[in-house]
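All remarks here apply to the structure that follows.
Sequence positions, counted from 1, serve as the residue numbers for this chain.
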Amino acid sequence: MTELAVVVAGGVGAAGRYWVAGMVQRSTSGRFPVGTLAVNLSGSLLAGFVLAATPAGSIARVSLIGFAAGFTTFSTWSTESLAMLQTGERVRAAVNLAGMLVAGIGLCVLGYVMAD
């Protein structure tokens, strides 16, 4: 049952990522990957919140962490950063890499504090 919950939640999260990241990216004219930024940062906030708000091992925690895992994307963030480096956009790549790490961890902590 737990594995099925993770699979379903992860699938819903992945579909949500596709929709939200695309919608956010289309709403901007810049070259910075704000769609990926939006899903990764909001997913970090959600993960921190769920970690504090749900009991360890509960189906709610497993499902919501599965959703957050499907909703966020490390691989897209990595490949977008690499593409920036390959095209000589070093500052933009550094902002993407460092900003996502700092902001992502900060929002995870914020979500935890909000729910605790």
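Looking at heavy atoms from C-beta onward, W77 lies in side-chain contact with L101 at the 4.5 angstrom threshold. A heavy-atom distance below 4.5 Å is not found between the side chains of R31 and M84.
The line from OG1 of T87 to CG of L82 is 9.5 Å long, rounded to the nearest 0.5 Å. To the nearest 0.5 Å, atom OG1 of residue T72 and atom CG of residue L41 are 10.5 Å apart. Here the OG atom belonging to S44 is positioned 11.0 Å from the CG atom belonging to L110, to the nearest 0.5 angstrom. Atom CD1 of I65 is separated from atom CG of L46 by 7.0 Å, given to the nearest 0.5 angstrom. A distance of 7.0 Å separates SG in C108 from CG in L51, rounded to the nearest 0.5 Å.
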Candidate pair V20 and F71, rule side chain to side chain contact (heavy atoms under 4.5 Å, CB included), full reasoning: CA-CA 9 Å; V20 171; F71 188 69; 4.1 Å; yes

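Within the 3.5 Å criterion, the main-chain N or O of T36 finds no donor-acceptor partner in the side chain of E80. Under a 3.5 Å cut-off, the side chain of R90 and the backbone N or O of L85 do not form any donor-acceptor pair.
For T54, the side chain to side chain contact (heavy atoms under 4.5 Å, CB included) criterion is met by V50, S58, A60, R61, not counting sequence neighbours.
The hydrophobic clustering, which links ILVMFWY residues whose side-chain heavy atoms are closer than 4.5 Å, places V34 and W19 together. Residues I59 and V7 fall into different hydrophobic clusters, defined by Ile, Leu, Val, Met, Phe, Trp and Tyr side chains chained together at heavy-atom separations under 4.5 Å. Hydrophobic cluster membership differs between V62 and L64, with clusters built from Ile, Leu, Val, Met, Phe, Trp and Tyr side chains linked at under 4.5 angstrom. There is a path of hydrophobic side-chain contacts, each under 4.5 Å, that joins L37 to V91. A chain of hydrophobic side-chain contacts below 4.5 Å, direct or via other Ile, Leu, Val, Met, Phe, Trp or Tyr residues, connects F67 to M114.
Among all heavy-atom pairs drawn from F32 and Q25, the shortest one is O-NE2, 3.2 Å. Between A5 and S63, the shortest heavy-atom contact is CB-OG, 3.5 Å.
Side-chain N/O atoms of S81 and N96 include a donor and acceptor closer than 3.5 Å.
At most 12 non-hydrogen atoms from other residues, nucleotides or ligands lie less than 6.0 angstrom from OH of Y18.
The only member of L107, N40, V109 that meets side-chain contact (heavy atoms from CB on, under 4.5 Å) when paired with L45 is L107.
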